[in-house]
Amino acid sequence: MEISILGSGSWSTAIASLLSENYDVLIYARNKEDADYINKNHKNRKYLKEFDLAENIKATSNLEDLFKNKYIINGIPTQSIRSVIKKFKPYISSDNVFINLAKGIELGSHKRISEVFCDELGDDISFAVLSGPSHAEEVIKKMPTAVVAASSDINLSKDVQKLFNSDWFRVYSSTDLIGVELGGAIKNTLAFGIGMLDGLGYGDNTKAAVITRGIHEMNRLLISYDANPNTINGLAGVGDLIVTSTSLNSRNYRTGLLIGKGYSMEDAVDKIQMVVEGIPTTKALYQLSLENDIDLPITLEIYKVLYENKNPIDSVSSLMGRSLKSEF
């Protein structure tokens with residue numbers, strides 16, 4: 001069986017390497033030169049370029065080629081997904097199963113990625129998400145990793161679980177699609193804030209406080225959407241927050257770190273040279289919280305730093321000066 005991957009970024013490349021142990025893989029690269037390079041040299045010249053790719057990993061720059069296969073894995077960043085769906089819409093069939101790797105909330109609509117897919121392709125599509133603490137740089141090295149496959153259809157989540165599971169890549173199943181998507185989105189914002197704290201030179205006490213209260217904020221968001229709050233205690237919640245907020249492999253953490261050190265948002269993103277999902281997601285979550293009257297104080301302060309040029313030190317003071325309350 002051949003599996004298609006939409007996108008040729010670092011996470012798509014790592015997933016292609018993982019799947020190539022059991023399946024043929026076809027990667028879509030937008031630029032023909034990038035696709036040709038993969039086919040000729042068995043390397044991705046832009047991402048994880050130091051790693052060799054298996055010969056059963058092929059690439060194409062023709063979108064239509066992907067949809068001959070049943071499984072379509074989406075690695076396109078959140079804010080570009082809708083426009084790409086519109087391009088491949090004529091090629092899909094009822095047999096296609098979509099598995100999403102991206103994490104975020106769409107600007108404007110404030111919709112989860114599954115909702116964007118349903119908007120464009122209809123509510124009857126087969127859709128699942130793979131999420132959890134999983135740096136591409138470690139997955140491609142076959143370091144032990146655990147993630148969760150979520151779908152509103154339990155049978156589909158179990159199918160995806162079996163598709164990806166290996167000796168070193170363990171997959172759990174879930175039916176809480178909403179909770180897994182929201183957890184994967186807000187953890188990027190929180191990781192951003194924790195990076196800023198480190199950039200400012202604050203210590204472990206401060207970081208532990210923001211991580212802990214951030215988990216509470218994640219929980220509040222899920223409850224407001226009638227998702228399962230236990231999801232936050234799992235891989236798509238606490239697990240992903242830990243790995244994203246404590247590692248230099250995390251582009252959200254690194255961007256926050258640079259902003260804490262005094263870089264502008266534009267200069268920090270330019271230095272990272274990769275899509276930083278947490279920036280637009282922070283804006284979407286802020287607007288969503290206003291629309292739905294959800295109290296997300298840490299997200300609010302991170303938004304103000306990113307979009308209103310608030311001094312990060314003043315944001316810390318604002319959080320510390322909030323009215324006193326019970327912990328739970």
Side-chain angles (χ1 to χ4, degrees), residues 1-93 95-104 113 117 121 125-131 134-142 145 147 149 159-160 163-166 168-169 171 249 251 273-275 277:
M1 180 171 70
E2 185 176 66
I3 296 174
S4 296
I5 300 182
L6 189 59
S8 57
S10 56
W11 191 212
S12 294
T13 302
I15 287 295
S17 183
L18 163 68
L19 292 173
S20 69
E21 295 191 347
N22 296 304
Y23 313 100
D24 293 333
V25 179
L26 181 65
I27 294 179
Y28 169 75
R30 184 176 57 182
N31 297 321
K32 186 177 185 301
E33 294 79 8
D34 293 338
D36 290 343
Y37 190 91
I38 291 172
N39 291 329
K40 181 179 179 181
N41 299 287
H42 306 294
K43 287 179 179 288
N44 186 329
R45 66 177 181 172
K46 292 182 177 177
Y47 304 99
L48 303 177
K49 51 191 176 183
E50 65 271 30
F51 296 97
D52 293 327
L53 301 178
E55 293 193 4
N56 63 332
I57 297 175
K58 305 297 183 185
T60 181
S61 57
N62 184 354
L63 263 176
E64 187 175 1
D65 293 343
L66 299 183
F67 294 88
K68 64 185 179 183
N69 296 325
K70 176 180 178 180
Y71 291 104
I72 312 294
I73 298 172
N74 174 61
I76 301 293
T78 303
Q79 307 310 324
S80 301
I81 287 173
R82 191 180 293 272
S83 63
V84 174
I85 294 175
K86 290 180 185 295
K87 291 178 182 178
F88 69 62
K89 198 171 182 177
Y91 310 132
I92 69 168
S93 74
D95 294 331
N96 290 138
V97 174
F98 294 93
I99 304 168
N100 178 57
L101 304 178
K103 299 170 183 176
I113 296 171
F117 269 82
L121 304 178
I125 63 165
S126 296
F127 184 92
V129 61
L130 193 74
S131 189
S134 46
H135 289 314
E137 296 84 353
E138 295 183 10
V139 169
I140 202 166
K141 292 178 181 177
K142 300 184 179 181
T145 300
V147 298
D159 286 345
V160 175
L163 192 74
F164 285 87
N165 200 71
S166 75
W168 52 272
F169 194 83
V171 185
N249 282 331
R251 65 192 74 169
Q273 295 187 327
M274 298 174 78
V275 174
E277 292 268 38

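One distance of note links CG of Leu101 with OG of Ser134; it measures 8.5 Å at 0.5 Å rounding. Distance check: Ile72 CD1 to Ser126 OG gives 11.5 Å after rounding to the nearest 0.5 Å. Considering NZ of Lys68 and CD of Glu2, their distance stands at 5.0 Å, rounded to 0.5 Å. Separation of atoms CD1 (Ile113) and CD (Gln79) is listed at 8.5 Å; rounding is to 0.5 Å. Atom NZ of residue Lys46 and atom CD of residue Gln273 lie 11.5 Å apart, to the nearest 0.5 angstrom. Interatomic distance, Ser4 OG to Asp65 CG, rounded to the nearest 0.5 Å: 8.5 Å.
A donor-acceptor pair under 3.5 Å links the side-chain atoms of Asn96 to the main chain of Ser93, judged by distance alone. Side-chain N or O atoms of Asp95 include none that pairs as donor or acceptor with a backbone N or O of Lys70 at under 3.5 Å.
In terms of the salt bridge (Lys or Arg N to Asp or Glu O under 4.0 Å) criterion, residue partners of Lys142 (sequence neighbours excluded) are, by chain and number, Glu21. Contacts of Asp159 classified as salt bridge (Lys or Arg N to Asp or Glu O under 4.0 Å), with partners at least two apart in sequence or in another chain: none. In terms of the salt bridge (Lys or Arg N to Asp or Glu O under 4.0 Å) criterion, Arg30 has no residue partners (sequence neighbours excluded).
Residues Leu163 and Ile3 meet the side-chain proximity criterion, which asks for heavy atoms closer than 4.5 Å. Inter-residue side-chain proximity for Val160 and Val171 is flagged as unmet; no heavy-atom pair is nearer than 4.5 Å. Residues Phe51 and Asn44 are not in side-chain contact: their nearest non-hydrogen atoms beyond the backbone lie 4.5 Å or more apart. In this structure the side chain of Ile99 reaches within 4.5 angstrom of the side chain of Phe164, judged on heavy atoms. In this structure the side chain of Phe98 never reaches within 4.5 angstrom of the side chain of Asn74, judged on heavy atoms. Looking at heavy atoms from C-beta onward, Ser20 lies out of side-chain contact with Leu53 at the 4.5 angstrom threshold. Residues Leu6 and Leu63 have side chains in contact (heavy-atom distance under 4.5 Å, counting atoms from C-beta outward). The shortest distance between side-chain heavy atoms of Leu121 and Lys89 falls below 4.5 Å.
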Inset, instruction - Check the pair Leu48 / Glu137 against side-chain contact (heavy atoms from CB on, under 4.5 Å), numbers first and verdict last. - result: CA-CA 7 Å; Leu48 303 177; Glu137 296 84 353; 4.1 Å; yes
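The ring-ring contact (aromatic ring centres under 6.0 Å, His included) contacts involving residues 56-87 comprise Phe67-Phe88, where partners must be two or more places apart or lie in separate chains. Applying the ring-ring contact (aromatic ring centres under 6.0 Å, His included) test to residues at least two apart or on different chains, none of the pairs has a partner in residues 6-49. Within the structure, salt bridge (charged side-chain N to carboxylate O under 4.0 Å, His left out) contacts touching residues 50-64 (residues at least two apart or in different chains) are Lys43-Asp52.
The heavy-atom pair separating Asn62 from Thr60 by the smallest distance is N-OG1, 3.0 Å. Of all non-hydrogen atoms in Ser10 and Ala136, the two that sit nearest each other are O-CB, 3.6 Å. Closest approach of Ile81 and Ala102 over heavy atoms only: CD1-CB, 4.1 Å. Across Thr13 and Ser8, no two heavy atoms sit closer than the pair OG1-O, 3.5 Å. The heavy-atom pair separating Ile57 from Ala16 by the smallest distance is CD1-O, 3.6 Å. In terms of heavy atoms, Ala35 sits closest to Ala29 at N-CB, 3.9 Å.
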